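Just below is one structure, and these are the notes that go with it.
Just so you know, these numbers come straight off a predicted model, no measurement behind them. Start at 1 with the first residue, then count along the sequence.
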Amino acid sequence: MRETPRFVFASDSLKGTLGSEDAARLLEGAARRHFPGCACSFVPMADGGEGTVSALVAACGGELRRARVSDPLGRPVDAAYGVLPGGRAVIEMAAASGLPLLAPGERNPLLATTYGTGELIRAALDGGARDVTLAIGGSATNDGGAGCMRALGARFLDEDGRELPGRGADLARVASIDLSGLDPRVERAEFHLMCDVDNPLVGPLGASVVYGPQKGATPAMVSELDAGMRGYARVLAATFGRDFDVPGAGAAGGLGAAAMAFLGARAQGGAERVLELVGFDGLLEGADLCVTGEGHFDGQTARGKVVSAVAAACERAGVPCVAVVGGMSAGVAGVPGLAALVPAAIDAMPLEEALGRAEELYALAAERLFSLLALGARLG
């Protein structure tokens, strides 16, 4: 390692304790104590879940914009989306159609709609966006994305030609789709889906059966929604000439399928898309080490989380990668491209204590990491 090395810090937030910026600050402090004059670069990370828009706005020098849209039950709500340089926009569908917008007693995917997400897309197009990324986690909906596409001008018609509102309860009644009023700007824009699930649209692993209960669906509702989604899937196939009951189509209650069909969206992992948007490969050029991390390293880490995506990018670039994590599960296999793992927890302690001391413990972990690096540099 050079006497004045260059470090890249690209950690996810440690949920409920430290943000990406906090982790980078603590890492930089330890790095400069052991490598005076070192160069440090920081980029906030996210995996397509909550906080993705804020992380990308900060990383790319973008801005947050707000729009008055509809919540899952059609009530007005203020929702933010991100505008990035180069005509790009990033939307978290949960900002308009998310489960946290509803009280527990209001959760009912038969009545919920993604119409507000479509309004956010329309607002982004109104603002000149030509490249739109949709993060589709945390939905309260199971409407097959019909509400979202209605907001963009598509019409969902029953057997008598009457337009349907586009809620979960309407899926079984959709007989045809009228695309004549679809916003023409849709065809001129490029759409991306941040999608980390591979559920199909229907069946035992589909949108309704797997995710319906957490959105308030009773067993009877689940059966109704899945049956309706099967009919809806047939209408989609007839309208667009291809089957959309594919992996990822069941994401966000079927919004994945609608985005693929109506918007021509390309699905990819959330963390992978974040790295693409921030130009991560360029940030790694000339780096001696990258430090990533997350709150808890476990069996889900390798399934599209920030640590695995960053480690893979580092491996391609030939840059060593280390993860500093809040804690880790015993017996978890490593992640390809990850050279070392440094847990912050240093003693057996209750989870509440570890969370309360998160900054102190993380700072100690950063100190351990860079003191070992300095020792290695002297020995090397």
What's the separation between atom CD1 in Ile91 and atom CD1 in Ile136, rounded to the nearest 0.5 Å?
12.0 Å
Side-chain (Arg155) to main-chain (Gly181) donor-acceptor, under 3.5 angstrom
no
Could Arg273 and Glu276 be called an ion pair, given the rule that one side-chain N must be under 4.0 Å from one carboxylate O?
yes
Taking every non-hydrogen atom, the tightest pair across Ser308 and Val335:
CA-CG1, 3.6 Å
Is a donor from one side chain sitting under 3.5 angstrom from an acceptor on the other, for Ser329 and His296?
yes
Hydrophobic cluster identity match, Met149 and Met93, side-chain contacts under 4.5 Å
yes
Sort out for me which residue in Thr141, Asn142, Leu120 forms a side-chain contact (heavy atoms from CB on, under 4.5 Å) with Thr114.
Thr141
By side-chain hydrogen bond (donor to acceptor under 3.5 Å, both in side chains), which residues pair with Glu360, not counting sequence neighbours?
Arg357
Please report the closest heavy-atom contact between Pro76 and Arg68, naming both atoms and the distance.
CB-NE, 3.6 Å
Step-by-step side chain to side chain contact (heavy atoms under 4.5 Å, CB included) determination, Leu284 to Cys314
CA-CA 7 Å; Leu284 289 177; Cys314 289; 4.0 Å; yes
If only atom types and distance count, is the side chain of Asp288 paired as donor or acceptor with the main-chain N or O of Arg6 below 3.5 Å?
yes
Leu205 backbone acceptor or donor facing Asn199 side chain under 3.5 Å:
yes
Heavy-atom nearest pair, Ser97 first then Thr113, reads OG-O, 3.9 Å
Can you give me the closest heavy-atom contact between Asp281 and Ala313, atom names plus distance?
OD1-CB, 4.2 Å
Any heavy-atom pair between the side chains of Leu275 and Glu272 that's under 4.5 Å?
no
Please determine whether residues Phe156 and Leu263 belong to a single hydrophobic cluster, defined as Ile, Leu, Val, Met, Phe, Trp and Tyr linked transitively by side-chain heavy-atom distances below 4.5 Å.
yes
Check whether any side-chain heavy atom of Glu367 lies under 4.5 Å from a side-chain heavy atom of His34, and answer yes or no.
yes
For Phe7 and Phe370, take the angle between the two ring planes, folded into 0 to 90°, and tell me which bin it lands in: parallel under 30, tilted 30 to 60, perpendicular over 60.
perpendicular
Val132-Met194 co-clustered via ILVMFWY side chain contacts under 4.5 Å
no
Treating Ile, Leu, Val, Met, Phe, Trp and Tyr as nodes and any side-chain heavy-atom pair under 4.5 angstrom as an edge, say whether Val43 and Leu14 lie in one connected cluster.
no
When rounded to the nearest 0.5 angstrom, what distance separates CG in Leu157 from CG in Leu164?
7.0 Å
Between OG of Ser13 and CD of Glu50, what distance do you get to the nearest 0.5 Å?
9.0 Å
For the residue pair Arg185 and Asp126, establish whether any side-chain heavy-atom pair is separated by less than 4.5 Å.
yes
Side-chain donor/acceptor of Asp160 to backbone N/O of Arg162, under 3.5 Å
no
When you look at Val278 and Leu56, which way does the side chain to side chain contact (heavy atoms under 4.5 Å, CB included) test go after all the steps?
CA-CA 7 Å; Val278 303; Leu56 284 169; 3.7 Å; yes
With rounding to the nearest 0.5 angstrom, report the CG to OH distance, Leu225 to Tyr232.
13.0 Å
Just one of Leu289, Val310, Val307 clears the side-chain contact (heavy atoms from CB on, under 4.5 Å) bar with Cys321, so which one?
Val310
Quick check: does any side chain N or O of Asp196 sit under 3.5 Å from a backbone N or O of Gly270, one acting as donor and the other as acceptor?
yes
Using only atom types and a distance under 3.5 Å, with no angle test, would you say the side chain of Arg88 pairs donor to acceptor with the backbone of Leu277?
yes
List the steps and the verdict of side chain to side chain contact (heavy atoms under 4.5 Å, CB included) for Phe191 and Val186.
CA-CA 9 Å; Phe191 290 86; Val186 165; 4.1 Å; yes
Chi angles and distances behind the side chain to side chain contact (heavy atoms under 4.5 Å, CB included) call for Arg173, Asp170:
CA-CA 5 Å; Arg173 301 170 58 200; Asp170 300 319; 3.6 Å; yes
Mark yes or no for whether Gln268, through its side chain, and His192, through its backbone, hold a donor-acceptor pair below 3.5 Å.
no
As an exercise, state the distance from CD of Glu119 to CG of Leu152, rounded to the nearest 0.5 Å.
9.5 Å
With no hydrogens and no angle check, is any side-chain donor or acceptor of Arg167 less than 3.5 Å from a backbone partner on Asp143?
no
Spatial distance of atom CG (Leu101) from atom CG (Leu73) [nearest 0.5 Å]:
9.5 Å
Using a 4.5 Å cut-off on heavy atoms from C-beta on, say whether the side chain of Cys40 contacts that of Phe9.
yes
Enumerate donor-acceptor pairs with a distance under 3.5 Å from any side-chain N or O in residues 241-256 to protein atoms, sequence neighbours excluded.
| from | atom 1 | to | atom 2 | distance (Å) |
| --- | --- | --- | --- | --- |
| Asp243 | OD1 | Asp245 | N | 2.9 |
| Asp245 | OD1 | Leu201 | N | 2.7 |
| Asp245 | OD1 | Val202 | N | 3.3 |

Quick check: does any side chain N or O of Glu294 sit under 3.5 Å from a backbone N or O of Val306, one acting as donor and the other as acceptor?
no
Donor-acceptor pair, Asp226 side chain versus Val222 backbone, under 3.5 Å?
no
Shortest non-hydrogen separation from Gly318 to Pro320 and the atoms involved:
O-CD, 3.9 Å
Heavy atoms, side chains only, cut-off 4.5 Å: are Asp178 and Glu163 in contact?
no
So Val324 and Tyr362, do their side chains get closer than 4.5 Å, heavy atoms only?
yes
same_hphob_cluster(Val8, Leu26) at 4.5 Å side-chain heavy-atom cutoff
no
Does the side chain of Asn108 reach to within under 4.5 Å of the side chain of Met221, using non-hydrogen atoms?
yes
Pair listing, salt bridge (charged side-chain N to carboxylate O under 4.0 Å, His left out) test, anchored in residues 198-225, at least two apart
none
Less than 4.5 Å apart, side chain to side chain, heavy atoms only: is that true for Leu338 and Val322?
no
Nearest non-hydrogen partners of Leu179 and Phe262, listed with the distance:
CD2-CE2, 3.5 Å
